[in-house]
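Step one of this worksheet: look at the structure below.
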Amino acid sequence: MHMTPCRFSVAEQPYTYSEIEAIAAYLKSKTRHNPTIGIICGSGLGGLADQVDDAEDFDYSSIPKFPVSTVPGHAGKLVFGKLSGKTVVCMKGRFHFYEGYPMWKVTLPVRVLKLLGVQTLIVTNAAGGLNPAYKPGDVMAIKDHVFLPGMVGFHPLQGHNMHQFGERFTPMSDAYTPKLRDALLKIGKRLVGESMKEGVYCMVSGPTYESPSEASYLRLIGGDAVGMSTAPEVVVARHCGMQIVGISLVTNKVILANDGDGQPAANHAEVLETGKRRAADMEKIVSALVGEI
Ligand code: HPA
């Protein structure tokens, strides 16, 4: 029988530092690559991982104590290898809060990556466009985020501070490394022209898409795009001192409160379809960016 993990389980305890070390040590013993760049591939963007040369991959299910992903379109493996001459590790498939994982499990891979030697994290996602100027297929460099679940108590850094990774109080004002964002914007403008945008990513827990009033609220608080991932990984990456660059692929237009009835509803098929249409461009953008890190 398929069991959905439940965040309300009392038996589950967050990983200890030595458990995270053990996962990293296991991977180090199995791969000859020493990655300094980590890439998290979002919905329908797993093709990035297939661009990696000299690849060695590990199904999440084969890694002791690693969580396993449950969403179609998220294959679930770590892929080590070379991209644009740099050694990288890609997460093909990530863990989402809406799947029922606690935040500490959603973000475990980031800490494993840190212990593998990763210094720079490239995070990608599929997102809905809140900014009326955005069109499906646009690419957004994330300049900041609003981590709504984190703000109301679902935060991966709450509880015992793992000082081996970072300090108790982590600033977020510089989380999205400006010089990497500038490099991304330059590359994006060269490769996709006017479709390259820069904006604020709002994270909601999902799994429902936003109601029109929720969407208008997110727009009001400064959001340009909305999705169900990324922010937890970014705060954990910032906590352990990584450089971070975030890229959203705008896969659908989010319906706002004054758009009226009869608008097409957001759906996962459209999200995957736009991902497919833009996959090659996203891959080109990320490989060029890796070349400049
Ligand atoms: N809302 C939330 N998450 C999403 C969306 C959306 O419209 N599109 C892709 N991920």
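Owing to the predicted nature of the structure, the values given are computational and were not obtained by experimental measurement.
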task: Could you pull out the closest heavy-atom pair between A225 and A127, with the gap in Å?
output: CB-CB, 3.9 Å
query: Could you walk me through whether I122 and I293 pass the side chain to side chain contact (heavy atoms under 4.5 Å, CB included) check?
result: CA-CA 10 Å; I122 302 175; I293 292 172; 3.9 Å; yes
field: M140 side chain near I247 side chain, heavy-atom distance below 4.5 Å
entry: no
field: Note, E210 side chain near Y217 side chain (heavy atom, < 4.5 Å)
entry: no
query: Any link between F165 and V236 through a network of hydrophobic side chains (Ile, Leu, Val, Met, Phe, Trp, Tyr) touching at under 4.5 Å?
result: yes
task: Side-chain contact test, heavy atoms from C-beta onward, threshold under 4.5 Å: evaluate it for I20 versus V112 and give yes or no.
output: yes
- prompt: What is the distance from atom CD1 of I39 to atom OG of S287, rounded to the nearest 0.5 Å?
  reply: 8.0 Å
field: Polar side-chain atom of T107 near backbone of M103 as donor-acceptor pair, under 3.5 Å
entry: yes
message: Given 3.5 Å as the limit, does a donor-acceptor pair link the side chain of D224 with the main chain of V200, or not?
response: yes
field: Backbone N/O of I40 and side chain of T124: donor-acceptor pair under 3.5 Å
entry: yes
message: Can you confirm whether P132 sits close enough to R219 that some side-chain heavy atom of one is under 4.5 Å from a side-chain heavy atom of the other?
response: yes
query: I244 versus L180: any side-chain heavy-atom pair under 4.5 Å?
result: no
task: Identify the heavy atoms of P232 and V106 that sit nearest to each other, and give their distance.
output: CB-CG1, 4.3 Å
task: Assess the side chains of S229 and N125: does a donor N or O sit below 3.5 Å from an acceptor N or O?
output: no
- request: Any chance you could measure T120, atom OG1, to L113, atom CG, to the nearest 0.5 Å?
  value: 11.0 Å
- prompt: What is the ring orientation for Y98 with H96, classed by angle as parallel under 30°, tilted 30 to 60°, or perpendicular over 60°?
  reply: parallel
query: Do the side chain of T251 and the main chain of A126 share a donor and acceptor less than 3.5 angstrom apart?
result: no
message: If we check side chain to side chain contact (heavy atoms under 4.5 Å, CB included) with V245, which of these qualifies: T177, V286, L289?
response: L289
- request: Check the surroundings of atom NZ in K86: do more than 12 heavy atoms from other residues, nucleotides or ligands lie under 6.0 Å from it?
  value: yes
- request: Specify the closest pair of heavy atoms between R278 and S195, including all atoms of both residues, with the distance to one decimal.
  value: NH2-OG, 3.0 Å
query: Judged by atom type as modelled, is there a donor-acceptor pair below 3.5 Å linking the side chain of N131 to the main-chain atoms of A133?
result: yes
task: Over 60° means perpendicular and under 30° means parallel, so classify the ring planes of H33 and F80, tilted if in between.
output: parallel
task: Show the numbers, then the answer: is there a side chain to side chain contact (heavy atoms under 4.5 Å, CB included) between R181 and K143?
output: CA-CA 7 Å; R181 198 167 78 235; K143 106 178 142 191; 3.6 Å; yes
task: Show your reasoning for whether side chain to side chain contact (heavy atoms under 4.5 Å, CB included) applies to I63 and I23.
output: CA-CA 7 Å; I63 308 169; I23 298 171; 3.8 Å; yes
statement: From the list L184, D281, D138, side chain to side chain contact (heavy atoms under 4.5 Å, CB included) with M196 holds only for L184
task: Report the distance from atom CD of E198 to atom OG of S248, rounding to the nearest 0.5 Å.
output: 12.0 Å
- prompt: Hey, are the side chains of F147 and P156 touching, using non-hydrogen atoms and a 4.5 Å cut-off?
  reply: yes
query: What closest approach, in Å, do S84 and V290 show between heavy atoms, and which atom pair accounts for it?
result: CB-CG1, 4.3 Å
- request: Using the rule that two of Ile, Leu, Val, Met, Phe, Trp, Tyr join whenever any of their side-chain heavy atoms come within less than 4.5 Å, decide whether Y17 and F66 are in one cluster.
  value: yes
message: Membership question, hydrophobic clusters at under 4.5 Å side-chain separation (ILVMFWY): are L220 and L130 in the same one?
response: no
query: Between N161 and G166, what is the shortest heavy-atom contact and its length?
result: ND2-O, 2.9 Å
- prompt: So do the side chains of T230 and H145 get within less than 4.5 Å of each other, counting heavy atoms only?
  reply: no
query: Transitively linked via ILVMFWY side-chain contacts under 4.5 Å: F95 with W104?
result: yes
message: Quick one: does any side-chain atom of Q158 pair with a main-chain N or O of G153 as donor and acceptor, under 3.5 Å?
response: yes
query: Any side-chain heavy atom of E56 within less than 4.5 Å of one from K30?
result: no
- request: Would you kindly check if the NZ (Lys) or CZ (Arg) of R111 is within the cone defined by 45 degrees around the ring axis of Y15 and under 6.0 Å from the six-membered ring centre?
  value: no
task: Starting at CE of M242, measure out to CD of E233 and round the result to the nearest 0.5 Å.
output: 11.0 Å
Chi angles and distances behind the side chain to side chain contact (heavy atoms under 4.5 Å, CB included) call for V250, K197: CA-CA 10 Å; V250 177; K197 316 281 191 209; over 6 Å; no
message: Using only atom types and a distance under 3.5 Å, with no angle test, would you say the side chain of S29 pairs donor to acceptor with the backbone of Y26?
response: yes
message: Please report the interatomic distance SG(C41) to CD(Q51), rounded to the nearest 0.5 Å.
response: 10.0 Å
- request: Kindly give the heavy-atom pair with the smallest separation between G38 and V118, and that separation in Å.
  value: N-CG1, 3.4 Å
Reported OH-to-CE distance for the pair Y209 and M228, which is rounded to 0.5 angstrom: 5.5 Å
